[in-house]
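Worksheet: the structure to be examined is printed underneath.
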Amino acid sequence: MKFKKSLAKVVAAVSLAFAGFVAVNTVNTQNNTVQAASKTSQRNKVVKLAKKQVGKRYVYGATGPNAFDCSGLTSYVYSHAIGKYISRTTYSQVYRGKTVRVSTAKLKKGDLLFWGSKSSPYHVGIYVGGGQYVHAATPSQGVRKQYLSSYFWPSTAKRVI
């Protein structure tokens, strides 16, 4: 009789533990889904604001809202779209986030693209999807949306969302 009671207690304890494990896993799965949706939403906000800047002037040292240099544009967009400070200069922005392969198959909207040396780049833009990016190009061109090309291919990319 004692054995049956002990066995019943063990089975009850295991059942409760298993139920708790299932509940925790369900919550974690739901949280991961919410986090993924949140990241997608953030990326879309960054892209939307970046595209709104197309046509504005390029002015060295400018950080918006009517004129930008390249890192001023990226800093402004991240700050105003999602409240994320990524620093002000190309040289410091390259150290933010996770390095991702510069491939249209691997890039996600909102990734930062850098040109020049991987440790000391001279230019930065924002990947907006479809093989395109937005950047403050030059004083004569201003802020533009362009396709990635083998002629002007980024040296590195960073994912900060």
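Sequential numbering from 1 along the given sequence is applied to the chain's residues. No hydrogens, no waters, no symmetry mates; every other heavy atom, side chains included, goes into these values. Source: prediction; values computed, not measured.
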Check the surroundings of atom NZ in K52: do more than 12 heavy atoms from other residues, nucleotides or ligands lie under 6.0 Å from it?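 Not buried by this count: 12 neighbours or fewer within 6.0 Å.
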Closest approach of [X] to [Y] (non-hydrogen atoms, all atoms of both residues):
{"X": "S87", "Y": "S92", "answer": "OG-OG, 2.7 Å"}
{"X": "F68", "Y": "V143", "answer": "CD1-CG2, 4.0 Å"}
{"X": "G110", "Y": "V46", "answer": "CA-CG1, 4.1 Å"}
{"X": "I161", "Y": "Q42", "answer": "CG2-OE1, 3.3 Å"}
{"X": "H123", "Y": "A136", "answer": "CE1-O, 3.1 Å"}
{"X": "V102", "Y": "A157", "answer": "CG2-N, 3.6 Å"}

Would you say [Y] ends up clustered with [X] if hydrophobic residues are merged whenever their side chains have heavy atoms under 4.5 Å apart, either directly or through other cluster members?
{"X": "V54", "Y": "Y147", "value": "no"}
{"X": "L112", "Y": "Y91", "value": "no"}
{"X": "V160", "Y": "V77", "value": "yes"}
{"X": "L73", "Y": "Y58", "value": "no"}

Would you mind telling me which of V124, L107, L148 makes a side-chain contact (heavy atoms from CB on, under 4.5 Å) with Y133?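 Result for side-chain contact (heavy atoms from CB on, under 4.5 Å) with Y133: L148.
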Check this for me: does any side-chain nitrogen of one of K98 and D111 sit under 4.0 Å from a carboxylate oxygen of the other?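 Judged by the 4.0 Å cut-off on N to carboxylate O distance, K98 and D111 do not form a salt bridge.
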Could you tell me whether a side-chain N or O of [X] sits under 3.5 Å from a main-chain N or O of [Y], the two making a donor and an acceptor?
{"X": "K158", "Y": "V94", "value": "yes"}
{"X": "Y127", "Y": "G131", "value": "yes"}
{"X": "R96", "Y": "I86", "value": "yes"}
{"X": "T90", "Y": "Y122", "value": "no"}

Without hydrogens or angle criteria, can the side chains of [X] and [Y] be said to hold a donor-acceptor pair below 3.5 Å?
{"X": "Q93", "Y": "S75", "value": "no"}
{"X": "K84", "Y": "S79", "value": "no"}
{"X": "S71", "Y": "R88", "value": "yes"}
{"X": "S117", "Y": "S120", "value": "no"}
{"X": "Q53", "Y": "K56", "value": "yes"}

Could you give the distance from CD1 (I126) to CG (L113), rounded to the nearest 0.5 Å?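 Output value for this atom pair is 9.0 Å.
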Measure the CZ-CZ distance between R159 and R43 for me, rounded to the nearest 0.5 Å.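 Spacing of CZ (R159) from CZ (R43) equals 6.0 Å.
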If we only count heavy atoms from C-beta on, is the [X] to [Y] side-chain gap below 4.5 Å?
{"X": "F114", "Y": "P154", "result": "no"}
{"X": "S119", "Y": "Y95", "result": "yes"}
{"X": "V128", "Y": "K51", "result": "yes"}
{"X": "H135", "Y": "Q146", "result": "yes"}
{"X": "K109", "Y": "K45", "result": "no"}

Measure up the F152 and W115 rings against each other and bin them: parallel (under 30°), tilted (30 to 60°), perpendicular (over 60°).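 Judged by the thresholds at 30° and 60°, the geometry between F152 and W115 is parallel.
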Are D69 and Y60 close enough, and set up right, to give a side-chain contact (heavy atoms from CB on, under 4.5 Å), and what steps lead you there? CA-CA 5 Å; D69 66 7; Y60 182 76; 4.2 Å; yes
